[in-house]
Q: 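Can you read through this structure? Questions will come right after.
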Amino acid sequence: MGEAGGHHSNPLMIQSKTLAPSTGAPALDFGSAWDYAAAPERVQVKIAARYGHFIGGKFVPPAEGKHFPTVNPATEETLSEIALGSAADVDRAVAAAKAALPRWSRLPARERAKYMFRIARRIQERARELAVLETRDGGKPIKESRDIDIPEAAQHFFYHAGWADKLQYAFPGRNARPVGVCGQIIPWNFPLLMAAWKLAPALACGNTAVLKPAETTPLTALRLAEILAEIDLPPGVVNIVTGAGETGAALVAHPGVRKIAFTGSTEVGKKIAASIAGSGKRVTLELGGKSPNIIFEDASLDQAIEGIIQGIYYNQGHVCCAGSRLFVQESVLDEVLVKLDIRLRSLRVGDPLDKNTDVGAINSADQLQKIRRYLDVGRAEGADLHESNGSPLPERGYWCRPCYFTGVQPAHTIARDEIFGPVLAVMSFRTPEEAITRANNTPYGLAAGVWTDKGSKIFEVAKRLKAGVVWCNTYNQFDPASPFGGFKESGFGREGGLHGLRAYLELS
Ligand code: ADP
């Protein structure tokens, strides 16, 4: 089981290896030195052999009787059979959402808030179970699902519950009404958290919803459906239809849907934008990214390295705003590379249910193949690949060692395309002007990171970076009160905060 399974005779011994050829600095191999005992999360989670759709407050079998498997990417075991949604299922779910709309939207806002507080509390109460389920279905390390995904999902319901009866303060002097039935389509990188990002503002504003989780990670959304039933959310307020692209497309095309909220690839986002053009439907799209991190020579380098590591290897790089391009000022490039290498080698790759694991499994065989293709292209185009070495990876499952490329040119494919894996492209720059120009030289604009000791530089650079979020001396910080969204091909519209409410309201 990855590094966790091995045993070293002296756990405190750190092996000092030869000098790293490129930099002349010592390269340390922490991989074999830090052998902890395996610490798997022991919570037992029941998973049904088969799941239907959640429509009108009940689980119902799919109209066409078809199912598809959802697989644990760390073991390749099938966890459950999931209903494959057809146009008939989508139709039924939209009808249920439409039927629930008048009563839900006219409910006193504080009553709507009470339901949302209950959802938030129940997520907290069932947090361990949800975390294990998330990790088993998606492959992300348990410490991330336990400490980030599930608590933040609860936070989103708490935060938006607070807004429900205060919309007149959010938009003073305006009359705020719900939009209607919302179709919400989410990806596999943060399954429960993305469901919360979508559902919480929709419900707070008095809308009803049909949610379609990603085909590789439907289990926590279905567990959320159980929670909604448990807290007596009125039937039809939230409906969950499972399936893949065709199910999503049927939801987008449905005439009863008034608003589409989508998070996923730019490719699918473009299709959605094209398919609803002229329909009068509202849309928010949160799409891909190729986010830059810029390290200036005056930055605290150790702190910056932590942020870089977090920014690209967190959740196996399955993060739309992953800091996948690193620009380092030339004078500190060698030092940064040594530090990056050392830190990379200390990352533990393996069983996602082990609390010591830093990097879990790649979400699916398809995604792993895509990442591997990019690694080949990177090498073929002349960049140098540096991988974390360490102990053998588990025999089954989908694994990719965290890695970075040096010798990268801006025109290289790995510097331009979103890879959605633990792959960092390192480049250098001389002047702040050059850093800004190169960081902005991308069709995307979701996020960016700036690392410097100088406050004035932070403001100047952040102002000129074309990205929805610019983090300064930190990375990947999220808060339900803070709007998130992209520039250019990273999408449009904002989610979270007051800005996020706007998309779910008609203002007059
Ligand atoms: P990723 O690359 O992150 O997997 P996708 O854009 O492929 O992102 O998928 C994100 C979500 O969009 C998933 O729930 C997927 O099933 C859904 N989806 C895929 N194709 C379509 C489509 N043509 N119309 C609507 N939804 C789609």
Side-chain angles (χ1 to χ4, degrees), residues 53 62 66-71 73 82-87 89-90 93-94 137-140 182-199 209-222 224 239-254 257 259-277 279 281 283-291 315-322 324 361-371 373-374 398 417-423 444 446 486 489-491 495:
H53 305 300
K66 291 188 191 153
H67 291 79
F68 63 96
T70 186
V71 170
I82 305 298
L84 182 62
S86 60
D89 296 315
V90 168
V94 173
D137 204 16
K140 64 171 61 192
C182 302
Q184 309 186 306
I185 299 170
I186 55 174
W188 43 260
N189 56 349
F190 293 90
L192 186 70
L193 183 56
M194 285 300 116
W197 274 37
K198 298 283 180 278
L199 292 172
V210 178
L211 177 82
K212 195 204 77 70
E215 53 272 36
T216 56
T217 53
L219 291 180
T220 44
L222 293 167
L224 178 65
N239 306 276
I240 298 177
V241 176
T242 45
E246 280 184 23
T247 317
L251 183 56
V252 171
H254 198 288
V257 170
K259 181 201 155 39
I260 296 292
F262 172 79
T263 300
S265 61
T266 295
E267 183 194 346
V268 173
K270 284 181 180 173
K271 280 191 207 163
I272 291 179
S275 101
I276 61 167
S279 69
K281 286 179 193 168
V283 66
T284 44
L285 302 173
E286 202 262 90
L287 309 175
K290 190 74 182 173
S291 298
N315 196 12
Q316 296 74 247
H318 298 337
V319 185
C320 331
C321 56
S324 51
I362 299 301
N363 184 262
S364 64
D366 282 354
Q367 187 58 26
L368 180 59
Q369 215 177 28
K370 184 178 153 203
I371 297 170
R373 269 202 307 272
Y374 275 114
Y398 315 129
D417 286 13
E418 181 180 44
I419 300 175
F420 227 62
V423 184
Y444 295 111
L446 198 51
E489 289 194 18
S490 290
E495 292 185 292

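Residue numbers run from 1 in the order of the sequence given. Both counts, for ligands and for their atoms, begin at 1 and track the order of listing.
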Q: Would you say K271 and ligand 1 have an N/O pair spaced under 3.5 Å apart?
A: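 N/O-N/O distance below 3.5 Å does not exist for this pair.
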Q: As an exercise, identify every atom of ligand 1 less than 4.0 angstrom from a heavy atom of S265.
A: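 Near S265, the atoms of ligand 1 are 2 (O), 5 (P), 6 (O), 7 (O), 8 (O).
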Q: Above 12 or not: heavy atoms from other molecules or residues under 6.0 Å from NZ of K370?
A: yes
Q: Taking the six-membered ring of F190 as reference, does the NZ or CZ atom of K140 fall below 6.0 Å from its centre and within a 45° cone about the axis?
A: yes
Q: Looking only at side-chain N and O atoms, does K198 offer a donor or acceptor that is under 3.5 Å from a partner on T263?
A: yes
Q: Which residue owns the protein heavy atom closest to atom 20 (N) of ligand 1, what's the atom, and how far is it?
A: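 Going atom by atom, the protein heavy atom closest to atom 20 (N) of ligand 1 ends up being G245 CA, 3.4 Å.
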Q: Identify, by atom number and element, the atoms of ligand 1 in contact range of E215, meaning under 4.0 Å from any of its heavy atoms.
A: 13 (C), 15 (C), 16 (O)
Q: Which of the numbered atoms in ligand 1 are under 4.0 angstrom from any heavy atom belonging to I185?
A: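 Answer for ligand 1: 11 (C), 12 (O), 14 (O), 17 (C), 25 (C), 26 (N).
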Q: With heavy-atom distances below 4.0 Å as the criterion, list the atoms of ligand 1 near G248.
A: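 Numbered from 1, ligand 1 contributes 24 (N), 25 (C), 26 (N).
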Q: Looking only at side-chain N and O atoms, does N363 offer a donor or acceptor that is under 3.5 Å from a partner on T216?
A: yes
Q: Side-chain donor-acceptor pair under 3.5 Å between D89 and T247, yes or no?
A: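 Distance-only check fails for D89 and T247.
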Q: Taking atom 21 (C) of ligand 1 as the point of reference, which of V252, T216, V268 owns the nearest heavy atom?
A: V268
Q: Any protein heavy atom at under 4.0 Å, with atom 2 (O) of ligand 1 as the reference point?
A: yes
Q: Within the structure provided, determine whether P213 and V241 are in side-chain contact (heavy-atom separation under 4.5 Å).
A: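 Answer no - side chains too far apart.
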Q: Under 4.0 Å from a heavy atom of I186: which atoms of ligand 1 are those, numbered in the order shown and with their elements?
A: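 In order of number, 11 (C), 13 (C), 14 (O).
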Q: How are the rings of W188 and H318 set to each other: parallel, tilted or perpendicular (split at 30° and 60°)?
A: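 The rings of W188 and H318 stand perpendicular, inter-plane angle above 60°.
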Q: Mind checking whether A244 contacts ligand 1 via backbone (N, CA, C, O), side chain (CB onward), both or neither, at a 4.0 Å heavy-atom cut-off?
A: backbone
Q: Is the shortest N/O to N/O distance between W188 and ligand 1 below 3.5 Å?
A: yes
Q: Counting each atom of ligand 1 from 1 as listed, which ones have a heavy atom of F262 under 4.0 Å away?
A: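 Taking each heavy atom of F262 in turn, ligand 1 has 6 (O), 10 (C), 11 (C), 12 (O) under 4.0 Å.
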Q: Between the side chains of K259 and T284, does any donor sit under 3.5 Å from an acceptor?
A: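 Result is yes, a qualifying pair exists.
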